[in-house]
Engineer: 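Encoded as structure tokens, here's the structure I'll be asking about.
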Amino acid sequence: MSQDIEKKSNFIRQIIDEDLAAGKHQAIATRFPPEPNGYLHIGHAKSICLNFGLAQDYPGRCHLRFDDTNPVTEDTEYVESIKDDVRWLGFDWGENLFFASDYFERMYELAEHLVMKGLAYVDFQPQDAIREQRGTLSEPGTESPYRNTSVDENLTQLRKMRAGEYKDGEAVLRAKIDMTSPNMLMRDPLLYRIKHAHHHRTGDDWCIYPMYDYAHCLEDAFEGITHSICTLEFENNRELYDWVIKESDVPHQPKQIEFARLSLTYTVMSKRKLLQLVKDNHVNGWDDPRMPTIAGLRRRGITPEAIRAFADVIGVAKANSTVDVSLFEFCIRDDLNQRAPRVMCVLDPLKVVITNYPEGQTEELQADYWPHDVPKTGSRAVPFGREIYVERSDYEENPPKGYYRLAPGAEVRLRYGYYITCQHAVKDADGNVVELHCTYDPETRGGTSPDNRKVKGTIHWVSAAHGVPCEIRLYDRLFAVERPDAEGDFLEFLNRDSLSISQGVIEPSVNTDDNERYQFERQGYFFRDPDSTKDALVFNRIVTLKDGWAKSVAKTEEKPAPKPPKPKVEKDTDDSKERPQKRSRSYERDKARAEEPDLAARMEAYTKLGLSDDDADLLSGERAKGDYFEAVLAHGQDAKTVAVWLVNELLPLVGDDDALSSLKMTTAAFSTLIGLVANDEVSTAAARDVLATLLASGGDPVEIVDREGLRKVSDAGALEPIILQVLKDNASEVETYRQGKTSLLGFFVGQTMKATGGTADARMVRELLQRHL
Ligand code: ATP
Ligand code: MG
């Protein structure tokens, strides 16, 4: 499957297609911009595959750019590991390797340029004061007393900052934008801060460092990036991104596009948490095969092809969601099934003596490397002798019904070998089985009997005289729960059994310099760990076989390639109606609130405003929705009513959060419409029509209502003739009603509402009808 996964179109490709069709660019330029402050993980791999993949599919290039603007947390060790990982994933940045720190001088010059334009100023207030002055979502910010310092003075001060005349925290450079902007990020954001710190590349050249929002867009512009793809958290930063680009007067204008970050079940992805796992020795380093780091996945034996296939399968979307790790495992198996030759390894050996096999004799049996459904050929010779090892779990003294492996008196087939029958189990003093005595049927060499005798079970084995001892590391999921960082301390959810080690025996065709990924028959896929030495082989289990061999009966036939689990992947649209999606999105919202204090504050504030729990959860947990909600609230309608209209009426009509910021309907119009309903001037049904009109073509709701005659008719005088007409038109129903079938009242109400185009006040209609009937 890996080869023929179609590169699915997605909203990013659509944007690129449009830009190319409009002649905006001849070729595209994307970038992968890691901060060298940790190892890359599978989430980064998604971004790498996306950015480098686009540059491969379109005429274009992808830059590897180290976003090293924070001197404190960064390190050259990480730079090298990141390069390794990107290369290993199969991507090549060619000449396009960049470091943000190389642009420090140019960025600084542009900062002076902004100051000279009167668009930036040096602020000497303490950080707390600046933070407090930012205001809240419902209150505008307060202007800094330094906001109107003269250009000359600001220039002098900025130069002093650069010259090191101030200590850390004594001054910052801020953009002069708008302290009342509904987007808090636009309220005079910081551009530079002072940090007397050594940088891993620029040494002590600088003591001021640019902030992300200032630096990142300039890096993109300097490099001629056309499409700057980032994760959804940066949606609100886009306005600032565009502002900096515009006001700096840089010639090139990159476009920021946001997509949903990858989260996987049963693991954590935050760099901070991964670091904690390493530092506190919960795992054995960054490349522990249980880690979701690329280094870990690589050591475990997962191939770059499997990771790329996974990235293609999950696609890109605009809504965050958590991908089931079993989908990743499916991609891994699918890839390994095609590439891993089958060999035999006994993980938990139990010795079998074949008592009727001549002592001292050995022979070689031919064994295929490939099952029938893999278009490859090849075989090797497997030595066989009087003593072999089988899996301890392949013997049962008291076999349950349906157990077709070894048991007293039972006959099984040895894979590629003979039929053997268990005669006797040798036990130690404690009653543990330590050895089996079996007999073999010499007529069954190669696995068939001349008399067509049926044996149901086939087991794997390794010759005791020829097998090579090896250490086997069996990995399980690192966490015991699906969402370890959903609540509480994620470390509490570590799976204590995520690693178990056994001493096995492997057939001698596999040796110490063998770097192949293998399927150990009936056990899973395995890869040699770098801990292996010349004398001691160590294998990592990459992934188990899908069909749970251990539980089911041993079989000779290979199972057909498994079907993919229904991909629980992100979709392009908001699928909040779908249950599983809904669950994972509510989890995302909890997470967002846990990570972002202003969202947590929203939850509290919204609850106080009287919103239902569901509405408060939705609007506080998803930033774009909350921002929109607050923008509508600013026009003065009751919060609870606004929330109900937003959640129940508007959101189902707009595609995604992104669309909220570019509706034809203004927030003021939406608010007015809500007011019309609340004041009983327009019925809910009529308001829905107005909403549709507003979304389609904008405009003023009051005008639309009047133009279309949608104002509620709550004047009895106006209603009376309509009602009389309805009764006249439905004379036989009136008869039936008067004979006692009063349940017909609803019918008359409906007819009247219809006759008024939904504009009548339903309560009044009901009363008038009752009176006339
Ligand atoms: P932080 O910024 O907190 O250190 P980060 O995970 O964002 O962590 P970066 O080095 O900034 O790390 O990320 C590099 C790129 O990888 C960014 O463009 C980011 O959007 C992308 N990225 C990071 N995590 C994921 C993820 N889980 N899924 C998809 N893309 C991701
Ligand atoms: Mg980041």
Side-chain angles (χ1 to χ4, degrees), residues 10 12 29-55 62-75 77-83 85-86 89 91 93 98-101 211-213 215-217 219-220 223 225 227-238 241 254-265 267-276 286 291-295 297 307-308 310-323 325 328 483 485 569-570 584 588 591-592 594-596:
N10 57 50
I12 296 180
T30 55
R31 84 285 173 267
F32 174 65
E35 198 181 332
N37 63 352
Y39 281 75
L40 298 184
H41 52 59
I42 180 82
H44 294 113
K46 171 176 176 176
S47 174
I48 294 169
C49 292
L50 174 62
N51 282 294
F52 280 94
L54 288 170
C62 179
H63 297 186
L64 174 60
R65 180 205 309 144
F66 287 96
D67 209 347
D68 56 351
T69 53
N70 181 359
V72 183
T73 53
E74 295 158 3
D75 210 310
E77 174 200 347
Y78 297 126
V79 170
E80 290 313 313
S81 79
I82 290 172
K83 283 199 220 164
D85 288 348
V86 175
L89 273 173
F91 298 107
W93 52 86
F98 299 96
F99 289 86
S101 53
M211 304 298 289
Y212 174 88
D213 282 318
H216 199 89
C217 51
E219 295 156 23
D220 286 343
E223 292 176 15
I225 298 301
H227 299 85
S228 174
I229 301 167
C230 63
T231 41
L232 282 182
E233 321 81 88
F234 292 98
E235 212 164 6
N236 280 354
N237 304 57
R238 194 190 327 130
Y241 183 104
K255 178 189 281 185
Q256 178 183 303
I257 306 171
E258 307 87 22
F259 76 110
R261 64 169 48 238
L262 169 68
S263 327
L264 268 185
T265 54
T267 191
V268 293
M269 216 91 97
S270 116
K271 279 184 195 162
R272 192 179 51 75
K273 287 177 180 158
L274 294 175
L275 180 66
Q276 199 178 342
W286 284 102
M291 290 281 272
T293 52
I294 300 195
L297 301 172
I307 295 176
R308 296 203 302 261
F310 176 58
D312 283 341
V313 168
I314 55 177
V316 291
K318 267 276 175 194
N320 279 327
S321 72
T322 302
V323 175
V325 74
F328 185 35
R483 306 185 194 299
D485 47 10
V569 291
E570 304 142 316
S584 68
E588 289 293 337
K591 201 168 124 215
E595 282 168 6
E596 293 159 63

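Just so you know, ligand 1 is whichever comes first in the structure, and atom 1 is the first atom listed for that ligand.
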Engineer: If we only consider heavy atoms of Phe32, is any one of them less than 4.0 Å away from an atom in ligand 1?
Structural biologist: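 A heavy atom of Phe32 does come that close to ligand 1.
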
Engineer: Minimum distance, heavy atoms only, to atom 4 (O) of ligand 1: which one of Lys271, Met269, Glu233, His41 is it?
Structural biologist: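 Looking at heavy atoms only, the winner is Lys271.
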
Engineer: Mind checking whether Gly43 has an N or O less than 3.5 Å away from an N or O of ligand 1?
Structural biologist: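 Yes - when backbone and side-chain N and O of Gly43 are compared with those of ligand 1, one distance drops under 3.5 Å.
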
Engineer: CZ of Phe259 to CD1 of Ile229: how many Å apart, nearest 0.5 Å?
Structural biologist: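 Phe259 atom CZ to Ile229 atom CD1 measures 7.0 Å (nearest 0.5 Å).
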
Engineer: For atom 5 (P) of ligand 1, which candidate among Arg31, Glu35, His44 holds the nearest heavy atom?
Structural biologist: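 It is His44 whose heavy atom sits nearest to atom 5 (P) of ligand 1.
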
Engineer: Which ligand 1 atoms does Leu262 reach within 4.0 Å, using its non-hydrogen atoms?
Structural biologist: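 So the answer, numbered in order with elements, is 26 (C), 27 (N), 28 (N), 29 (C).
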
Engineer: Between Ser263 and ligand 1, which part of the residue brings a heavy atom under 4.0 Å of the ligand: side chain, backbone, both or neither?
Structural biologist: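 Under 4.0 Å from ligand 1, Ser263 contributes no heavy atoms.
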
Engineer: Using salt bridge (charged side-chain N to carboxylate O under 4.0 Å, His left out) as the criterion, list what pairs up with Asp85, not counting sequence neighbours.
Structural biologist: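 Asp85: salt bridge (charged side-chain N to carboxylate O under 4.0 Å, His left out) contacts with Arg298.
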
Engineer: Give the minimum heavy-atom separation between Glu35 and Ile82, together with the two atoms involved.
Structural biologist: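 It is O-CD1, 4.2 Å.
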
Engineer: Give, for atom CG of Asn51 and atom CZ of Arg65, the distance between the pair rounded to the nearest 0.5 Å.
Structural biologist: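 Spacing of CG (Asn51) from CZ (Arg65) equals 10.0 Å.
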
Engineer: According to side chain to side chain contact (heavy atoms under 4.5 Å, CB included), who are the partners of Glu77, at least two apart in sequence or on a separate chain?
Structural biologist: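 Glu77 satisfies side chain to side chain contact (heavy atoms under 4.5 Å, CB included) with Tyr39, Asp75 once adjacent residues are dropped.
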
Engineer: Just to be sure I read this right, does ligand 1 sit under 4.0 Å from the backbone of Asn37, its side chain, both, or neither, counting only heavy atoms?
Structural biologist: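 Near ligand 1, Asn37 shows its side chain, while the N, CA, C and O stay back.
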
